[in-house]
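Predicted, not measured: the structure shown is a model, and the values here were computed from it. Residue numbering restarts at 1 for every chain, and letters A, B, ... go by the order of the sequence lines.
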Number of protein chains: 2
Amino acid sequence: MSIQERIAAVGIRLTPTERRIAQTVLDDPTLLTFGTVADLAKQAKTSHPSIVRFATKLGFEGYTDLQGWVRQGVADQLGTPGQRIRRPHGMESNVRADIQTSIDSTLSTLDSSTLQRLAKPLIGAERVWILSGETSRAGAYTLLSGLSMIRDGVQLIDQHNFGRDLSGATARDAAVAFDFARYRRSCVCAARALLDLGVPLVSITDSPLSPLASITDSWCVLKVPGVGPFDSSLPAVLAAELLVVEVAGELGPKIHDRIDRLEQLWNKTETFHRHSR
Amino acid sequence: MSIQERIAAVGIRLTPTERRIAQTVLDDPTLLTFGTVADLAKQAKTSHPSIVRFATKLGFEGYTDLQGWVRQGVADQLGTPGQRIRRPHGMESNVRADIQTSIDSTLSTLDSSTLQRLAKPLIGAERVWILSGETSRAGAYTLLSGLSMIRDGVQLIDQHNFGRDLSGATARDAAVAFDFARYRRSCVCAARALLDLGVPLVSITDSPLSPLASITDSWCVLKVPGVGPFDSSLPAVLAAELLVVEVAGELGPKIHDRIDRLEQLWNKTETFHRHSR
DNA sequence: CAATGTCTGTAACGAATTGTACATTGTGAT
DNA sequence: ATCACAATGTACAATTCGTTACAGACATTG
């Protein structure tokens, strides 16, 4: 049983101060292994007794008992240095390595200037249309969610209603198309239709040979690793998030008011659970 | 420089008792990291001052100094790789580095055994319900998409129709809940409702303090980096994909037929663009 | 509005910590 | 034998530790 589990076990019964202590402990595990009551109290901005109460609430006799338990845990790991680097066995390590390099590659592909170029059409656009295939749905959703929070008029287009939704698109709008590997016919068609209407198109795909890369000049190519039987959505999601950051950066302080209003709305409608952090 | 090297450096100049202390320290490194002067003295069958003299002869101010140095050494190895990278840079907010370490941390959190534990309820379940908050929507979609391809009865629950959709859930089903940071009230409520119905719940969250961690025993905690104004969805998506891989692996060759059939269906309905790759 | 109970910080106390002054022992040289 | 000196243990002082008692603040309830 880890310290995380032990905290979670009583998580709901913790008072605000104890919750703060828990967070502090989770942020820096060394505090608990090496630190004293005073150290912890200072870091969590509370008093000594609250630390002790925290320890007892976790089911220990006192702080000494708690610290002893934690130390026993790290002492066990300390004894066998070989255990520390236990590599995941089997082919799994390939999947993990692939994911790492994929993220790495995506980050270097989407460097500052590329990102700027891709984000540019989205900043001044009246509306932003988002198109996506199946494996890239997560990326499209991320872009929708992120962009919606910092600007109006963002629409995710479902494959079932291309005609209805796209009919009002104009050259003052912009579109982002995600499409990977098995290019969705409907997605490609919709992208072509938008281009015909004069809408600037940003396409995020996985090959220069993609049907979407050839019909626009704002595009990027991401490397998509296979994870298990299917392709990973991570590069698409990462690209979407970086795009949001870029657009947010360009819009600057204008978005602060917007976010504040969103915050107030959430509070009023009690969207969130009470004990948030 | 390790403690062994430091002892060796002054090895020749050590007195008999100091030599005994050194041997004791080398036999059990735990004594130095956690023990007090009294503990060490007892173990080495000597007196308190000899311990202090031993510390000073090694070039430290006193025992406190020596122990602090040793603890710093193990603390460096103790923290996660992500924490280690972040240490020297201080509070620097580098989005790209944060993303890298976040992926890194997620991969190490979801090791083979943890993944197995989390995936287990999803394998035999009659139906799988997926709940999600806002920032984790992308992860929920990824799980829906991936799981749907390898098994039947996967449902993504929208916050607007919890009641209608969940009413038929039974103890033979399973549920996966994504919820991060600002815990969605509706998501927490739905999770509780499912638990009341006896449905096994797997929760993927960002803190042991999450309301979802405390009410189930299949859960994991992911580190979510801030990307721009909002939190990243990458850890959730990655977790979802790894879960799919795990479930797919457990189901084994059964899923091959299923995928083949899916393939044929796609071809017949011409879902994809002709020039694929 | 009073009563009650929970939460949390201040103050104090005994135990344990490290470091130091001093006494004792052991050893080798003269 | 005795002196010099290093090695080691004893005793004590100054902190610091963890813990407990107590009282004020705060919210909740009747």
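- The interatomic distance linking B:E61 (CD) with C:dT17 (P) rounds to 22 Å, in whole Å.
- For B:P49, taking side-chain heavy atoms from C-beta onward, the closest of the listed nucleotides C:dA21, C:dT18, C:dT8 is C:dA21.
- Distance, A:Q67 CD to D:dG18 P: 7 Å, rounded to whole Å.
- Contact annotation: the side chain of A:Q23 approaches that of B:S207 to within less than 4.5 Å [non-hydrogen atoms, C-beta and beyond].
- Across all strands shown, B:S47 has heavy atoms under 4.0 Å from base atoms, whether or not it also approaches the sugar-phosphate.
- Considering all non-hydrogen atoms of both residues, B:S105 and B:K223 come closest at OG-CB, 3.7 Å.
- Nucleic acid contact class of B:V37 (heavy atoms, under 4.0 Å, all strands): sugar-phosphate only.
- Using a 4.5 Å heavy-atom threshold, the side chains of A:L40 and A:Y63 count as touching.
- Set against C:dT17, D:dG18, C:dG19, the side chain of A:T36 has D:dG18 as its closest nucleotide.
- Between D:dT19, D:dC17, D:dG9, one nucleotide has an atom nearer to the side chain of B:T17 than all others, and that is D:dG9.
- When the C1' atom of D:dG18 is taken as reference, atom CG of A:D39 falls 13 Å away, rounded to whole Å.
- When distances run from any side-chain atom of A:R20 to the nucleotides C:dT17, D:dC17, C:dG9, the shortest one goes to C:dG9.
- Across all strands shown, B:P16 has heavy atoms under 4.0 Å from sugar-phosphate atoms exclusively, and none from any base.
- The separation between A:L14 atom CG and C:dT8 atom P is 10 Å, rounded to whole Å.
- Applying the 3.5 Å distance criterion, the base of C:dG19 shares no donor-acceptor pair with the side chain of B:R53.
- When rounded to the nearest whole Å, the span between NZ of A:K57 and P of C:dT6 equals 11 Å.
- Residue A:H48 contributes atom NE2, which lies 20 Å from atom P of C:dA15 at whole-angstrom precision.
- In this structure, A:F34 places its CZ atom 19 Å from C1' of D:dT16, rounding to the nearest Å.
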